[in-house]
Each structure stands twice: as structure tokens, then as C-alpha cells.
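Because only heavy atoms are used, hydrogens play no part in the values below, and waters and symmetry mates are left out as well, while side chains stay in. Every chain is numbered from 1 and lettered A, B, ... according to where its sequence line falls, protein lines coming before strand lines.
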Amino acid sequence: MKDIAYEALNIALESGASFCEVRVLKKRYQGINVKNEIVESLVDQTEEGIGIRVIVNGAWGFAGTSVLDRDKIVEAAKRAVQIAKASSLAKKNDVVLSPAPKIITTWSNKIKINPFDVPLDKKVSLLLEAAKIMSKVKDVKIAEGSMDFWETEKLFVNSEGSEILQHIIESGGGIAAYAIREGDVQRRSYPNSFGGQYETRGYEVIEEIDLLSNAQRIAEEASALLDAPQCPSITTTLILDGSQVALQVHESIGHPIELDRILGMEASYAGTSFISVEDIGSLKYGSKIMNITADATLPGGLGSFGYDDEGVPAQRVEIIREGILQNLLTNRETAVVLGKTSNGTCRADGWKNIPLIRMTNINLEPVEGTLEDLIKDTEEGIFMSTNKSWSIDDKRLNFQFGLEIAWEIKNGRLTRILKNPNYTGITPEFWGSLDAVCGPSEWKIWGVPNCGKGQPGQLAHVGHGTSPARFRNVRVGVR
Amino acid sequence: MYTDILMRIIEKAKGIDTECLLMYTKRTLTRFANSYIHQNVSVDEIDLSIRVVLDNRTGKVSVNQLSNDVLDKALERAIEIAKLTPPDPDYYGLPTPVSFSYKKDSSLTEEINPEALAQKVIEFIKATDGLNASGALEVNDTTIAIVNSNGISVEDRRLMCSLESVVQDEDSSGYAYAMGKTLDSIDFVSLAKTASKKARSGKNPVEVSPGSYTVILEPQAVGTLVSFLGLIGFGAKQFEEGRSFLVGKLGERVTSELINIWDYPSHPMGISFPFDFEGLPRQDVTLIERGIAKNLVYDFKYGKKMGKPSTGNALPQPNTDGPIPFNLTLLPGDSSIEDMISSTKRGILVTRFHYTNIVDPIKTIITGMTRDGTFLIEDGEVTRPIKNMRFTQSILEALDSTETVGKDLYIAGEHFIFPTLVPALKLNDFHFTGVTR
């Protein structure tokens, strides 16, 4: 890997680049999906490739290839330079990078069980067993289970002398039951929807989530939803479970604090942000109990790593303190606007994409108490669990989320189940209505493996440490 | 020919049901924001997958290297995986060849160089006349080759160029999108002027109350409705599992009779490979005819399972989604957008939707926001720009309220979903449930 990386680096510099960074990646992925009694898809994928990013004449260029022979690498390095020269035809100012330390090191995440060492038939059997349990429940017509594992070896070198080799293993999985009757389809998922829970850990993630012990419960909940009344259309007190708070943080905090979005660099695709650079230190984002951090150093978080794809060390950054905006997510290029250095959030999806500002683990810091305490403390309201759909405007203000299940709260107790719950709001007003956040015992880092951004589209693995939280005066049951 | 590489694998796996799929993509994408090029990339990528089936047990391995050593090991691993998986009682064998001919894409020319793309972007930026331009100019040169042990052997190549752009004024924005088989087929100046005009007209938007409105949806907005309808209902697998909105409705009226939706790979404006990811020919399929739900789309497996021939709608196998339509087309009517506006007492003109998601797939309810140009229509005229609004709406109910269908077809891009061919629509009942700042 090293020979290839330095070959590309040297060719780019000889061809006129004033700055160059090279990433060589080897990646393995295994994905298993079962449905009822069959394995619906099982993918074992390996890929390798090189991505070369350069600055020439003050403008960016990038080229990548999956063919790692010398001729192709030389060609790719020269192409990156040619592309940067073309970019410079339509530049306004020269790209200036904030300083970053020269780092020569290796880093790997800690795991207990390498998922690729676990026999395939053991994984398949576990998922099929869970599906069998779910299938036996009345009206459950579809029982699904999945696991995903990634192993990435990534070498980063740049023309400033950094050389960083990282080895990262990620694991995740989950199950879902679909109850179907007379044109009604109701889904329950565990431990989260859209594939389950994901972490930068080994197969122990799968063992800890204990799919078999939860299969019966979620199948029964899916079945019960068929007979449940609709979530009413009212304004009420809303308690969200940790996994939904994670997505709420993701969409209404994680994306709007990306400085490239704020500066208009994503305007044509995902949009911009309601935040401006001048808001730092003054914008009232939410209530006094709202404390948000961006922390790439948390062991096991799906947004954790040693160094980002600009070679900047992983960091813990205070984003919101007592409801007031303090900082933004930055990379080497945008940090200059703030007169700062990068806070290490620049990551690329594989070898074939340029690094962009991506969330790390964006966390709502815990406060106190358990979910049980919080429900007891709520006279009337609705408790919603597990995301079903999400939508938010291009400035990240008006959002609407759908969830799998809700329970009515009466006099501090969960009562009847409600189907098709959803809620809507405007970001600062909604976070301003936050009046309780559960404590450390309920706090968990939820993995989101499908965060989309950029053109061509990139998917990032990010995390959100959250616990259940309560919001007042929320509009629910939008129809 | 990539089929030669794939054939060597098939021969090596003699006696085993084997399918090889290769995709080679050369992608260049020049991205601009704040009226300058800020990202500019070019990537060559190969993806080769080997699917083997032993005693109804499937193993699949994907690699992105083409050396004999890598491919031989991948085949061995696919066989190992197949031995470890349980048998699929619904395995019907691999598809057999179907005789069909196809024309090679004549639009493929010499390689497009980065400077030529930069010049096109400069042309666009200049034509926005000082507004804040952002967008992405993309050229994709894709080759797909498929060979299987039953004798299927197909290979073809397609070039696809597209420009997506948002032009911003102080508190407003406009949008333009085009896709074509060549770079020259895209009129950069015209697109810039369209997006700029929208942005300038959208300044100082006012807030209107949520509720039910007559809407005139420009083609990009119609594309969102049609794309999501395609995602949640026309596939045979979704139907067979009871998850499609068409369950119990085939042969029944599901929309206004003005609505005709096809999966239309042969349409001259579309950019389609002549075969699907199993190597079977793509076919035109009438999905909704004069408002009546007519057909589903099938791949080989779900065709066999449901007693129908494949319509050429397979994704790479095996997959969890089943067959889906790739070239959705809403057939044109006879109206112009100007006619639609002039015939509207009070309504809303929508340029496009943003971040749409499914709320209830059976009821075809989706939610999303308007973006890049939303205007109030009063007494037959566009009177004021309005703040972006959230809609929560059943697609079928919206299409059931169709008053007129536009006469011109446009290619509409929807992120993560295949582009559609659609006209503008005037709908009499469209439900907005919120407004943003």
C-alpha cells in the first residue's frame, strides 16, 4: 500500500501539485439478509482502490481508480492535476488549508470478536431462528433479519509528511416484523429500524443486542398495532425514545452545523442551513438543559475513528452549551473562515470519493433519571419509539418524523398503543421545548450507517449518543 | 469485451449455475457553489460479482479487481458461501437467453476532458448574471456485461450527462435540471436563465396558511410523485408480499383517467440499457392506463413465481427489493403550464419537492417540502412568491384530482431513484400541512 501511495504522491507533486493527499483503501464487507425461512441475499464484497486529491493553481482536483497497477496510478495522479487545473479556470480565491500537525502513526479500533472469524452459518442460523420466532405471531407475514460487517484498512499520506494507517472494524444487525391484515401494514424493528444497531466494534455487538430474546416482543407489538387506534392529531407533551432522539439530533443539529453547508457548498443538493457563522456564541438553539458535543473519540461509536481523511486527529468538541451554539463541524479548508484549525470531521466514503465534513458522534449529553422516571413525571402525553420516516427542509428548520409505535401517557403511566404516530416542528422552537433528558443509565450511542451527502452521493457512518427526552407542546398526528 | 472475462469464470465453474455481472463506470463530476468550482472529481471503477447456486443454495462474491487470481479466488469463495447457506425453495434456476437485438449507443464519443466541463460550468455561471450559482455537471460512461451458465451473454455501454443547479438570490432560489446522452444536448445558458428567473421572482416570499390547494406541479415535482409511486407499488415482489398499494386494486381505477404511467425503456428521450441486471430484455409495460392499474413489473424469479414472463426489471440478484420499474413515464396530455395557470382561480405553483419520504406505503402517503420556487396563483396569474411548505399527501389521491396534464415531457431527477419522464400536472386537491420560515 505504501509504495502505491507514495508513487501517486510523487507523480502528483512532479506534475505541478502544490499539495497532495493520497488514500489507499482495502475494504471487506459482508451483508446477510434473511426473510422468513430463506436467506434473501448474502453479499461478500472486497474492494480496493486509490484516491488522489491535489491543489494546483489554488484549486482542487481529485482522481481515483480501482485498478492498482503502476500505469493506472500514474495516469490517475496526472488526471487529478489536470482536473485541478480545470477547476482553477472557475475559481474565486485560492484554497487555503488551516495548519494540521504532521502525524506518522497507526490506529485501530478495539474489538473482542472479529466478525469475519465467526462462521457464516452461525450468523445465518441466528437470523433464521429470530425470524422463526417472529413468524409464529398472529398476522406477522414478513419476518426479517440482517447483519452487516465492514473491515477497512486505510493508508493516508500527504505532501506535508503525514502517514497514517488505520484499521477499523464495524458491526451491526437487527430484526423486523411486519404484521399485515386487510390493507394495513405495521412494522416493528429491534434494536432500531433500517438495519438495527451499528458500532465500531466486533461481533460482540450482535451478541449483546440479543435478537432472540426480543423477537417475540416486537412481533407481538407489530400485531397489536393492527388493532390500535390512530395517533390523534393534537398538540401535546412528547417523549421520544433514545433512537428517535438520535435521528432528531442527526437531522436538526448534525446537518445544520456542518460548516460546508453553512457556506453554501452543498446548496445544489442537500441544501444550506438556517445557521450563519455569526450565530456562534449567540444563537439560542434550545433550552438550558440542551448540551451537544461532537465526539469522534468515543470507543464503539459508529462515528469514531483515530484520524479523519485529512489526517487530523479525532476530537471532542462542544457544539451547544446550555442551549447556545458554540461551535461548528469543520475541515481544513472551512476552518480558515473561523480563524481556527480543523476539528477533524472530514471523511470520505471509500477510496473513490473526496472527503467532506461529516458528523462524527453528535451527542445530546445525558441529564438525569430513567425513562420510567420520565414517564412517571408526565401527566399526559405520548411516548413514541423507533423511526419509520424522516423529512426536513433544505435549511433544516421544518421537520416531520414518522415512528413505528406510540403509547398514550395518562397520569404517569403508559396506556394504550397508538398506530402511525408522527410529529412535526421547527428546529429551534422544538429544541426550545426540551424540558427533560434521561441520565447516563439510558444513554447509548446509536449508529447511523446511511448518512447521505455530496455529489456523487456519499454514505457516511455516524453516531449519536442520546437518551430518551421530553418535549412540550408538540404537534403530533399530522394528516 | 468484458464478456470474455466473465465467460472464463463461467467455464471454470462448469456444472454449477453461475452468473457474472460486471459494471465499469468512468465518472467525472464538476461541482460548483458560490459561483466557482469547489469540487471536481474523476473516478474509474469496476465491480464484478459472481453468483453461484448449488442445490438451490446461493453464494455471491463481489470484487473490483480483474486478475485471474482474484477472480478464481472469488469463485471459490462464492461456492464456499453457497455450501453454508440454506436452500431457497423459491429458486427457479437462472434465466435462459431470449432473442433480442439492440442498437449500440451512437452518442459515445471521445473522452470528455475536464477543461471542457469547466468551460460549460463557466458558461452557466456567466448566464446567471451575478446571482449565486451552484450545481453539479456529471458525465457517466457505464458499461454493463452479464454472462450466465445458461447461455446469456450481453454487454452494452451508455453515456449519460446531467446538470443539476440551484441559483440563489438574497432570500430565494431557482432550480434547473437536464439530462442527455451528450454534453452538447444540454443548453447551459437556457438552464441558467430558467433558474435565475425563478430566483429573482422568488424574492421576499410571504407565508400562506397550510391547507388543501389546487396545485400546478412543474415536471420536477411530478417526478417526485411518480418516482415514489414506483418505489412502493409496481414491483411483483412487493405485491406478492402484500406490501404494495396495488394489492386488490389491479384492474381497478386508482387515479384520474387522465393519468397514464408506463415503464417505458424504449422511449426515445430516455436513457436505458436494453437489458436488465439478469441480461433479459427491458420491455415497455403499461402500469396505469386511463387511471386503471394494469400491470406489475417482474424479474425472472417473480415472473416464474407468479406465472408471468420477466419484463426485464431485475436488480442485481439476489436482492431484498425485487423487481422495480427503471424508466417510469407519465404520458403527456394537451395542456401548457401557461394554460394551467390562467385557468386557476387560487392555487400554488411548485417548482420541485425536497427530502420526500414515505409515510404510509399502502395509502401512498408521502411527505416533503417545496423548494427553489413556490408561488401563489390568484385569478389566473402568478402573483407572489411564498415560503416553502410541507405537504403530507397520498399520491394516488393527488393524481385522482388531476385536472390537466402537460403536453411536454421532461426528464426529472429524484435523488437515489431512477430519473422519470414526466409532464407538468394541474391537481385540484393537494394537502399542505405546514410552512417553514
So, B/His431 side chain and A/Arg479 main chain: donor-acceptor pair closer than 3.5 Å or not?
yes

Decide whether A/Gln455 and B/Glu164 meet the rule of one side-chain donor and one side-chain acceptor closer than 3.5 Å.
yes

Donor + acceptor pair across side chains of A/Asn398, B/Thr436 (<3.5 Å)
no

Derivation of the salt bridge (charged side-chain N to carboxylate O under 4.0 Å, His left out) call for A/Glu144 and B/Arg243:
CA-CA 14 Å; A/Glu144 291 177 341; B/Arg243 287 199 276 186; 3.7 Å; yes

Hey, are the side chains of B/Ser62 and A/Asp44 touching, using non-hydrogen atoms and a 4.5 Å cut-off?
no

Of B/Arg51, B/Gln393, B/Lys237, the largest count of non-hydrogen pairs under 4.5 angstrom with chain A goes to B/Lys237

Is the shortest heavy-atom distance from the side chain of A/Gln400 to the side chain of B/Thr392 under 4.5 Å?
yes

CD on B/Gln65 to CG on A/Leu68, rounded to 0.5 Å
5.0 Å

Is any side-chain heavy atom of A/Val478 closer than 4.5 Å to a side-chain heavy atom of B/Arg390?
no

Side-chain contact test, heavy atoms from C-beta onward, threshold under 4.5 Å: evaluate it for A/Leu356 versus B/Gln39 and give yes or no.
yes

Taking the side chain as everything from C-beta on, heavy atoms only, tell me whether B/Val166 gets closer than 4.5 Å to A/Tyr269.
no

Keeping the roles fixed (side chain from B/Asn64, backbone from A/Glu48), state whether a donor-acceptor pair exists under 3.5 Å.
yes

For the side chain of B/Asn357 and the backbone of A/Trp390, is there at least one donor-acceptor N/O pair under 3.5 Å apart?
yes

Just by distance, do the side chain of B/Arg31 and the backbone of A/Ser268 share a donor-acceptor pair under 3.5 Å?
no

Please confirm whether the backbone N or O of A/Leu263 pairs with a side-chain atom of B/Asn34, one donor and one acceptor, at under 3.5 Å?
yes

When the 4.5 angstrom heavy-atom criterion is applied to A/Glu182 and chain B, the contacting part is neither

Given side chains that start at C-beta, do those of B/Gln119 and A/Leu89 come closer than 4.5 Å, heavy atoms only?
yes

Can you tell me if A/Lys92 uses its side chain to pair, donor with acceptor, with the backbone of B/Ile37 under 3.5 Å?
no

Under the criterion salt bridge (charged side-chain N to carboxylate O under 4.0 Å, His left out), I'd like the reasoning laid out for A/Lys352 against B/Asp44: C-alpha separation, chi angles, the key distance, then a yes or no.
CA-CA 8 Å; A/Lys352 62 188 170 192; B/Asp44 289 359; over 6 Å; no

Does any non-hydrogen side-chain atom of A/Arg396 lie less than 4.5 Å from one of B/Tyr355?
yes

Dump the intermediate steps for salt bridge (charged side-chain N to carboxylate O under 4.0 Å, His left out) on B/Glu241 and A/Lys35, then the final yes or no.
CA-CA 11 Å; B/Glu241 290 178 348; A/Lys35 179 172 286 178; 2.9 Å; yes

Quick one: are B/Pro86 and A/Val124 in side-chain contact, heavy atoms under 4.5 Å?
yes

